[in-house]
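Below, each value reflects all heavy atoms present in this structure, side chains not excepted, and no hydrogens, waters or symmetry copies. Chain letters run A, B, ... following the sequence lines, proteins first, then strands; residues in each count from 1. Note that the coordinates shown come from a computational prediction; the quantities given were computed from them, not determined experimentally.
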Number of protein chains: 2
Amino acid sequence: MTGLRERKKQRTRDALLLAAHQLFVDHGYDATTVDRIADRVEVSQRTFFRYFASKEEVAFHFHDVVEEVFVRSIVERPLDEAPYDVLRNALDTAWTATAEAVEDVVPLRLHLMMWHTVETTPSLLAAHLRRQSAMEDRVSAEMAARTGLDPDLDPRPRVLVAAFCGVMRAAGRRWSCGPDLSVEAARSFADSYVEHLAPALGRDWGVQPRVPSPASSAGPTKERMPRPAG
Amino acid sequence: MTGLRERKKQRTRDALLLAAHQLFVDHGYDATTVDRIADRVEVSQRTFFRYFASKEEVAFHFHDVVEEVFVRSIVERPLDEAPYDVLRNALDTAWTATAEAVEDVVPLRLHLMMWHTVETTPSLLAAHLRRQSAMEDRVSAEMAARTGLDPDLDPRPRVLVAAFCGVMRAAGRRWSCGPDLSVEAARSFADSYVEHLAPALGRDWGVQPRVPSPASSAGPTKERMPRPAG
DNA sequence: CCAGCCCCTGACAGTCGCTGACAATTGACA
DNA sequence: TGTCAATTGTCAGCGACTGTCAGGGGCTGG
């Protein structure tokens, strides 16, 4: 099935991931040189760069997995689900589905600690934010597609995703700097933060985007504001 | 007043800023080596790094100015202004106030083009996002302070700022990739994007008794994106 | 006006991330 | 077993960045 060569490569790859994460968490990202990672796995530095395009890439390998699952989960959500619920549920799915996959290579604990390392290392934080920004693009495109809105004309998908991701980041930041680095704690923070956004963003956009329904009766007094262009 | 030494340093500094921005915009950030910048100003590479801690720092010098003015503007806003309006007005102030300051060193055109360079250069974009994230921390702390909320207990300041900045980033992204790189176009995009967030976030948190704003009419009915220079 | 101080600068060497090129090794397959 | 292709190590080199040291220039007190 899988040849010896293939298995050997996989083992080297996993060993590099494990060594890198251990060193990053123990001694910090900047203090860990690529040479040191390669030495620990007993390969040359050049080989390291044949497995990972950059030192950054090895640090974000499991983040990549989460992201991939997250985006796929969005696509698989029922089409009649409210846009905001889609994001929330997909995030939940991604977190739980990933936890298992990580354990096959490195202890989950290490991966969770890595979040703290990312958040407290300027160069890693920068990379993390850029990656998340790229993900926002993918997600807002998908959200536009599934609501039938033109992403170039209607800013609402982008606005929703930007607001959601911004708030999720704030929650993640607080979680990763707190004392409880567990998946449950992460979800708890996410829920609590997002709770303050949910009533504001509304749960439904009214699927027909381009019907300029006037319809604006005086509306609720102290209730939600009507969604823009609803 | 200022000694010769002082003036000489200022001139070198300005020359480095100008040369760097020209090269970044003309040939791209990555393709511009520090050696090249230093050569053009006829100083050694070592001297460059005595003026700017990194290649990144020279690229973001004017962003720093905008940010500083923005944060200061927030502090100086009247205390009874709704939190959301504070952000919006401070941003307006910062943009106009900065334009003049930039012109003293480099053409404003160059600075605006730099925004596009930042947005399209991965390494610069990453740095930009990290810097903006740090600014969000400062801003949300200030917003918490002026509303009297405990930033550690009440997520609302963070949520508002995160949502606002997230949306502003989406707007800035679209602007800097569009055809019209003018300050007016930037403000136009910002307004249009933020318009969709305003009715959602509400204009008052009911935290403090304050003057009910009379002009708080209902949100926009159906506005489209402005097509800059279209 | 000058001597001395100190700040600024250039030159040099070295680290670290990263890449291209070449040769040696090793698994795959006939 | 021999050939082919994939994998790897070695080496040289670029670019960002830093420590160090010596020299030149501005600044200051006599």
Side-chain angles (χ1 to χ4, degrees), chain A residues 1-17 19-21 23-24 26-61 117-118 121-128 130-131, chain B residues 1-17 19-21 23-24 26-61 117-118 121-128 130-131:
Chain A
M1 191 134 195
T2 57
L4 173 58
R5 199 177 254 169
E6 203 71 23
R7 274 178 287 154
K8 227 174 163 183
K9 269 174 66 177
Q10 192 58 49
R11 242 188 299 136
T12 304
R13 192 183 177 75
D14 289 352
L16 284 172
L17 278 168
H21 277 71
L23 289 168
F24 290 161
D26 287 350
H27 308 301
Y29 178 78
D30 290 329
T32 302
T33 65
V34 174
D35 279 318
R36 184 121 178 245
I37 302 172
D39 279 352
R40 181 172 284 207
V41 184
E42 292 183 304
V43 296
S44 71
Q45 189 213 49
R46 194 67 185 83
T47 296
F48 173 95
F49 283 110
R50 288 196 176 102
Y51 282 91
F52 301 97
S54 63
K55 183 178 165 187
E56 190 187 299
E57 192 176 298
V58 61
F60 284 112
H61 176 260
T117 303
V118 167
T121 307
S123 55
L124 273 184
L125 180 56
H128 176 56
R130 187 198 55 203
R131 295 163 48 83
Chain B
M1 191 133 192
T2 58
L4 174 58
R5 190 148 39 191
E6 203 72 22
R7 272 176 288 154
K8 229 175 161 181
K9 270 174 63 179
Q10 192 59 48
R11 240 187 301 136
T12 304
R13 192 181 177 76
D14 289 352
L16 283 172
L17 279 168
H21 276 72
L23 290 168
F24 290 161
D26 287 350
H27 308 298
Y29 178 78
D30 290 327
T32 302
T33 66
V34 173
D35 279 319
R36 183 118 180 246
I37 302 172
D39 279 352
R40 181 172 285 205
V41 184
E42 292 183 306
V43 296
S44 71
Q45 191 212 47
R46 194 66 186 85
T47 296
F48 173 94
F49 282 110
R50 289 195 176 100
Y51 281 90
F52 302 97
S54 64
K55 184 179 164 185
E56 189 188 299
E57 193 176 298
V58 61
F60 285 112
H61 177 260
T117 303
V118 167
T121 307
S123 55
L124 274 183
L125 180 57
H128 177 56
R130 187 198 56 204
R131 295 162 49 83

Does the side chain of [Y] come within less than 4.5 Å of [X]'s, by heavy atoms?
{"X": "A/D35", "Y": "A/F48", "value": "no"}
{"X": "A/Y51", "Y": "A/V58", "value": "no"}
{"X": "B/R11", "Y": "B/K8", "value": "yes"}

* Protein-nucleotide distance (A/E42, atom CD; C/dT25, atom P), rounded to Å ->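 Rounding to the nearest Å, CD of A/E42 and P of C/dT25 are 19 Å apart.
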* Euclidean distance, atom CD of residue B/E57 to atom P of D/dC17 [Å, nearest integer] -> 10 Å
* Base versus backbone protein contacts along nucleotides 25-30 of chain D [heavy-atom cut-off under 4.0 Å; B, S, -] -> BBS---
* Quick one: what's the B/S/- string for nucleotides 14-23 of chain C, heavy-atom cutoff under 4.0 Å, read 5' to 3'? -> --SSBBBB--
* **Under 3.5 Å: donor-acceptor pair, side chain of A/H21, backbone of A/L17** => yes
* Side-chain (A/T32) to main-chain (A/L23) donor-acceptor, under 3.5 angstrom ->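 At least one qualifying donor-acceptor pair exists.
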* Asked: What residue pairs, at least two apart or across chains, pass salt bridge (Lys or Arg N to Asp or Glu O under 4.0 Å) with a residue in residues 43-60 of chain B?
  ->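 As it turns out, the salt bridge (Lys or Arg N to Asp or Glu O under 4.0 Å) pairs with a partner in residues 43-60 of chain B, which skip direct neighbours, are B/E56-B/R130.
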* Roughly how far, to the nearest 0.5 Å, is OH of B/Y29 from CG of B/L124? ->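 So the gap between those two atoms works out to 5.0 Å.
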* To do: Give the ring-plane orientation class for A/H128 versus A/F60, where under 30° counts as parallel, over 60° as perpendicular and anything between as tilted.
  =>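 Aromatic pair A/H128/A/F60 classed parallel.
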* D/dT8 OP1/OP2 closer than 4.0 Å to side-chain N/O of A/Y51 ->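 Looking at the OP1 and OP2 atoms of D/dT8, one of them is under 4.0 Å from a side-chain N or O of A/Y51.
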